[in-house]
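Structure record follows, encoded as structure tokens.
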Amino acid sequence: MCTLEKRGDLFLLTLTGDGEHRFHPDTIATILSLLEQAKSQSTRGSILITTANGKFFSNGFDLAWAQTAGSITGAANRLHQMVESLKPVVAALLDLPMPTIAALNGHAAAAGLMLALSHDYVFMRKDRGVLYMSEVDIGLSMPDYFSALVRAKIGTSAARRELLLSGKKIRGEEAVGLGIVDSAAYDSEEGVVQASVRLGEKLAAKKWSGEVYASIRKSLYPELCGILGLEARVFATPKL
């Protein structure tokens, strides 16, 4: 389902298997547990890279599981459960005391794209994979923290409109042009991960204080952090 591997200063969080990596409550709980593990083991210079195996980074919430509830009310309750359970994952990434990089091996849709945008950097392949917010197509409204995350991470109203109001599947070069991802110059799953590792190693060499890094990150997104219940503390940790 999910694994966490430590390679020197780098933590590599991987959604394993060849499926769509849909977010069932059990999957979400596992991701949160692994983020807590990385946080507890973090030191100066730690970096988190999140990726996945196969065609999909993540295709969002497990809507099939929600629909097996047997009623409209039951399905709605299960969807609400998944929405609420992912919120602490987004908060954990914003609060993580280290730089974070999402290496998108393939498609990132809906909640899967929100997971990616919760990272500091997002790398994408140019040969495969789209970004897609399906809510307008399937008739679902946006959770408040999803909307706040998009406003925090995507700088222009035109880009936000393209992502949220068009139902468009956005490929790598266009995603870079819209300012949604940082780079889309890689031809394979291995290439995008290797590029993320190179950036991770470069950032790790800075040996920054993770607590200071997380505090500065949170100060950049006051609306989002307010919704997530996070506070940016002001303090100094001299570099030794």
Side-chain angles (χ1 to χ4, degrees), residues 1-54 56-58 60-62 81-105 108 111-123 145 149 189 192-218 221 224-225 228-233 235 237:
M1 185 188 303
C2 307
T3 62
L4 183 69
E5 177 187 357
K6 194 171 188 300
R7 301 179 184 176
D9 290 322
L10 307 184
F11 291 95
L12 186 63
L13 175 62
T14 305
L15 308 179
T16 57
D18 293 326
E20 295 184 9
H21 307 297
R22 293 269 185 177
F23 293 149
H24 182 277
D26 292 343
T27 309
I28 296 170
T30 300
I31 293 171
L32 184 59
S33 176
L34 293 178
L35 291 175
E36 291 170 348
Q37 181 181 330
K39 183 176 182 178
S40 70
Q41 296 177 10
S42 65
T43 58
R44 281 183 179 269
S46 289
I47 306 291
L48 176 80
I49 298 171
T50 303
T51 190
N53 301 140
F56 289 87
F57 176 74
S58 170
F61 290 129
D62 190 346
Q81 177 186 348
M82 290 185 287
V83 168
E84 289 301 306
S85 63
L86 188 66
K87 189 173 181 179
V89 172
V90 175
L93 283 163
L94 269 290
D95 197 41
L96 203 64
M98 63 187 79
T100 59
I101 307 165
L104 306 189
N105 55 296
L113 178 51
M114 294 299 101
L115 179 69
L117 290 179
S118 300
H119 293 70
D120 299 321
Y121 302 88
V122 183
F123 286 177
Y145 70 97
L149 180 59
E189 180 179 334
V192 75
V193 173
Q194 289 169 4
S196 300
V197 168
R198 287 194 296 271
L199 174 61
E201 290 173 341
K202 181 179 178 180
L203 296 174
K206 304 285 188 180
K207 297 298 179 185
W208 289 322
S209 162
E211 289 76 14
V212 170
Y213 186 91
S215 179
I216 294 171
R217 179 202 285 131
K218 288 181 286 187
Y221 312 120
L224 175 60
C225 287
L228 296 173
L230 296 174
E231 181 180 357
R233 294 194 299 125
F235 61 91
T237 304

I'd like a table of donor-acceptor pairs (distance under 3.5 Å, sequence neighbours excluded) in which one partner is a side-chain atom from residues 12-19, with atom names and distances.
from: Thr16; atom 1: OG1; to: Met1; atom 2: N; distance (Å): 2.9
from: Thr16; atom 1: OG1; to: Met1; atom 2: O; distance (Å): 3.3

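- Closest approach of Leu86 to Ala111, counting heavy atoms only: CD2-CB, 3.9 Å.
- With hydrogens and angles ignored, the 3.5 Å screen pairs a side-chain donor or acceptor of Thr100 with a backbone N or O of Asp120.
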Verdict with supporting geometry, Leu203 and Trp208, side-chain contact (heavy atoms from CB on, under 4.5 Å): CA-CA 8 Å; Leu203 296 174; Trp208 289 322; 4.0 Å; yes
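- Without hydrogens or angle criteria, Arg22 side chain to Phe61 main chain gives a donor-acceptor distance under 3.5 Å.
- Judged purely by atom type and a 3.5 angstrom limit, Tyr145 uses its side chain to pair as donor or acceptor with the backbone of Val83.
- One distance of note links CD of Glu189 with CG of Asn53; it measures 5.5 Å at 0.5 Å rounding.
- Closest non-hydrogen pair, Ser46 versus Pro99, comes out as O-CD, 3.4 Å.
- The shortest distance between side-chain heavy atoms of Phe57 and Leu115 falls below 4.5 Å.
- Remark: Glu36 CD to Ile31 CD1 distance equals 12.0 Å, nearest 0.5 Å.
- To the nearest 0.5 Å, atom OG1 of residue Thr43 and atom NZ of residue Lys207 are 6.0 Å apart.
- Within the 4.5 Å cutoff, side-chain heavy atoms of Met82 are placed close to those of Pro25.
- Using a 4.5 Å heavy-atom threshold, the side chains of Ile49 and Val197 count as touching.
- The closest donor-acceptor contact from the side chain of Asn105 to the backbone of Val192 lies at 3.5 Å or more, if one exists at all.
- Residues Gly45 and Ala204 come closest through the heavy atom pair O-CB, 3.1 Å.
- Put simply, the side chain of Thr30 gets close to the backbone of Asp26: a donor and an acceptor are under 3.5 Å apart.
- Side-chain atoms of Ser33 do not come within 3.5 Å of backbone N or O of Ala29 as any donor-acceptor pair.
- Judged as a ring-ring contact (aromatic ring centres under 6.0 Å, His included), the pairs with a partner in residues 23-51 (not counting sequence neighbours) are, in order, His24-Trp65.
- Put simply, OH on Tyr213 and CZ on Arg44 are 14.5 Å apart, with the number rounded to the nearest 0.5 Å.
- A side chain to side chain contact (heavy atoms under 4.5 Å, CB included) with Cys2 is found for one member of Thr50, Leu34, Ile28 and no other, namely Leu34.
- Contact annotation: the side chain of Thr27 never approaches that of His21 to less than 4.5 Å [non-hydrogen atoms, C-beta and beyond].
- For Ser42 against Met98, the heavy-atom pair with the smallest separation is CB-CE, 3.4 Å.
- To the nearest 0.5 Å, atoms OG (Ser118) and CG (Leu96) are separated by 11.5 Å.
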Working for side-chain contact (heavy atoms from CB on, under 4.5 Å), residues Val122 and Leu104: CA-CA 7 Å; Val122 183; Leu104 306 189; 3.7 Å; yes
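- Here NZ of Lys39 is found 12.5 Å from CZ of Phe11. Values are rounded to the nearest 0.5 Å.
- Contact of the Ile47 side chain with the Leu199 side chain is not registered, since no non-hydrogen atoms from C-beta on lie closer than 4.5 Å.
- More than 12 heavy atoms of other residues, nucleotides or ligands sit less than 6.0 Å from atom NZ of Lys6.
- Pairing each heavy atom of Leu94 with each of Arg217, the nearest pair is O-NH1, 2.9 Å.
- Between Leu149 and Leu117, the closest heavy-atom pair is CD1-O, 3.9 Å.
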